[in-house]
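Everything numeric in this text was worked out from a predicted model, so none of it was measured.
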Amino acid sequence: MNDIRVRPATESDLPTLVRLRDDAARWMLARGVTGQWRPGELDEDHFRQVMADGEVWLAESGGHVAGAWEVWWEDEAAWGPQPPVAGYVHRLMVDRSTAPPGTGRLLLRAAERRVAAAGRTHVRLDCLAGSAQLNAYYRDAGYRVVGRKEGKPQTGGAPKAFTLLEKDLRQAGEGPAQGSPALSGR
């Protein structure tokens with residue numbers, strides 16, 4: 001997995017992004033992570049809109065899609081108005097049919113490097129408050145819980161409670177001046 005390459009997603013990647021999202025939703029449901037994602041919940045228009053307002057990244061390794069994620073430059077629905085110091089990672093997705101264990105962590109690190117390359121000092125994300133598995137995953141990746149958002153609106157569903165997590169890239173050694181040769185296309 002050392003040959004992972006990331007690039008901005010394009011219009012031609014939209015079907016792949018929808019498949020990744022649906023596969024990730026099925027994988028979580030099969031492991032008892034309920035209430036976070038449902039298959040069929042997001043379509044190509046969702047990813048097209050994120051590409052217009054933020055960024056969608058696709059990771060490839062060995063000629064196969066390894067995963068994808070979104071980076072937003074604001075997230076008022078979860079975090080309220082904030083100064084422009086953070087990038088917000090959403091929809092971290094791994095293609096479990098081709099990617100080896102540990103790929104999710106590699107993709108998260110690539111997202112952190114992208115945020116740092118944009119001059120932001122923090123990475124923020126949110127995950128379902130009731131999912132001990134997801135909360136532990138992000139804490140183990142160096143994120144700290146900084147709050148909770150009750151009643152966050154959901155696409156096609158009832159509002160839910162989310163844990164707000166943050167990583168200070170200056171403390172993690174990923175300050176804004178550092179980049180990564182693994183990031184291509186930006």
With a 4.5 Å cut-off on side-chain heavy-atom distances among I, L, V, M, F, W and Y, is there a chain of contacts connecting Val89 to Trp73? yes
If I take atom CZ from residue Arg109 and atom CD1 from residue Ile4, how far apart are they, to the nearest 0.5 angstrom? 12.5 Å
I'd like to know if Asp13 and Arg7 make a salt bridge, using a cut-off of under 4.0 Å between side-chain N and carboxylate O. yes
Would you mind checking if Arg148 and Glu150 are paired as a salt bridge, meaning a charged N to carboxylate O distance below 4.0 Å? yes
Indicate if Leu164 and Val85 have the same hydrophobic cluster label, given that clusters are the connected sets of ILVMFWY residues with side-chain heavy-atom separations under 4.5 angstrom. no
Under 3.5 Å: donor-acceptor pair, side chain of Arg114, backbone of Ala110: no
Do Pro8 and Glu55 have side-chain heavy atoms sitting under 4.5 Å apart? no
side-chain contact (heavy atoms from CB on, under 4.5 Å) between Glu60 and Val6, worked out: CA-CA 6 Å; Glu60 299 168 328; Val6 300; over 6 Å; no
How far apart are the closest heavy atoms of Trp37 and Ala25, and which atoms are they? CB-CB, 3.8 Å
Does Leu20 offer a backbone N or O that forms a donor-acceptor pair with the side chain of Asp95 under 3.5 Å? no
Evaluate side-chain contact (heavy atoms from CB on, under 4.5 Å) for Leu169 paired with Val115, printing each intermediate quantity in order. CA-CA 9 Å; Leu169 297 175; Val115 170; 4.0 Å; yes
Residues two or more places apart in sequence or in another chain: which of them pass salt bridge (Lys or Arg N to Asp or Glu O under 4.0 Å) with Asp140? none
If hydrophobic clusters are built by linking Ile, Leu, Val, Met, Phe, Trp and Tyr wherever their side-chain heavy atoms come under 4.5 Å apart, do Met51 and Met93 end up in the same one? yes
Do side-chain atoms of Lys167 reach the backbone of Ala141 as a donor and acceptor pair under 3.5 angstrom? yes
Closer than 3.5 angstrom, by distance alone: can the side chain of Glu41 be matched with the main-chain N or O of Arg38 as a donor-acceptor pair? yes
Rounded to the nearest 0.5 Å, what separates atom CD in Glu44 from atom CG in Leu17? 9.0 Å
Check Asp126 against Ala78 and note the closest heavy-atom contact, atom names and distance. OD2-CB, 3.7 Å
4.5 Å side-chain heavy-atom contact, Leu128 and Phe162: yes
Return the SG to OH distance between Cys127 and Tyr138, rounded to the nearest 0.5 Å. 6.5 Å
How far does CG of Leu58 sit from CZ of Arg5, to the nearest 0.5 angstrom? 14.0 Å
Quick one: list whatever passes side chain to side chain donor-acceptor pair (under 3.5 Å) with Trp72, sequence neighbours left out. Glu70
Does Arg48 reach the side chain of Glu11, with side-chain heavy atoms less than 4.5 Å apart? yes
Minimum heavy-atom separation for Leu107 and Ala59, please, with both atom names. CD2-CB, 3.3 Å
If every non-hydrogen atom of Ala99 is compared with every non-hydrogen atom of Val94, which pair is closest and at what distance? CB-CG1, 3.8 Å
Side chain proximity check, Arg144 to Val146, heavy atoms < 4.5 angstrom: yes
Shortest non-hydrogen separation from Thr10 to Ser12 and the atoms involved: OG1-OG, 2.9 Å
Please step through salt bridge (Lys or Arg N to Asp or Glu O under 4.0 Å) for the pair Asp23 and Arg26, ending with a clear verdict. CA-CA 5 Å; Asp23 288 351; Arg26 283 188 279 278; 2.9 Å; yes
Please assess Leu165 against Arg139 for the test side-chain contact (heavy atoms from CB on, under 4.5 Å), listing each intermediate value before the final yes or no. CA-CA 8 Å; Leu165 298 111; Arg139 283 193 317 272; 4.1 Å; yes
Determine whether Arg91 and Trp69 make a side-chain contact, defined as any pair of heavy atoms from C-beta on separated by less than 4.5 Å. no
Out of curiosity, Phe47 CZ to Leu14 CG, how far, rounded to the nearest 0.5 Å? 8.5 Å
Gap between atom CG of Leu125 and atom CG of Leu108 - 0.5 Å precision: 7.0 Å
Is it true that atom CD of Glu74 has more than 12 heavy atoms of other residues, nucleotides or ligands lying nearer than 6.0 Å? no
Among side-chain atoms of Arg124 and His90, is any donor-acceptor pair under 3.5 angstrom? no
Given 3.5 Å as the limit, does a donor-acceptor pair link the side chain of Thr103 with the main chain of Gly67, or not? no
What I'd like to find out is whether the side chain of Gln82 reaches to under 4.5 Å of the side chain of Tyr88, using heavy atoms alone. yes
Judged by modelled atom types alone, do Tyr143 and Glu112 share a side-chain donor-acceptor pair under 3.5 Å? yes
Exercise: identify the closest heavy-atom pair between Leu42 and Val18: O-CG1, 3.9 Å
Go through the side-chain N and O atoms of Asp45 and Gln49 and say whether any donor and acceptor fall under 3.5 Å apart. no
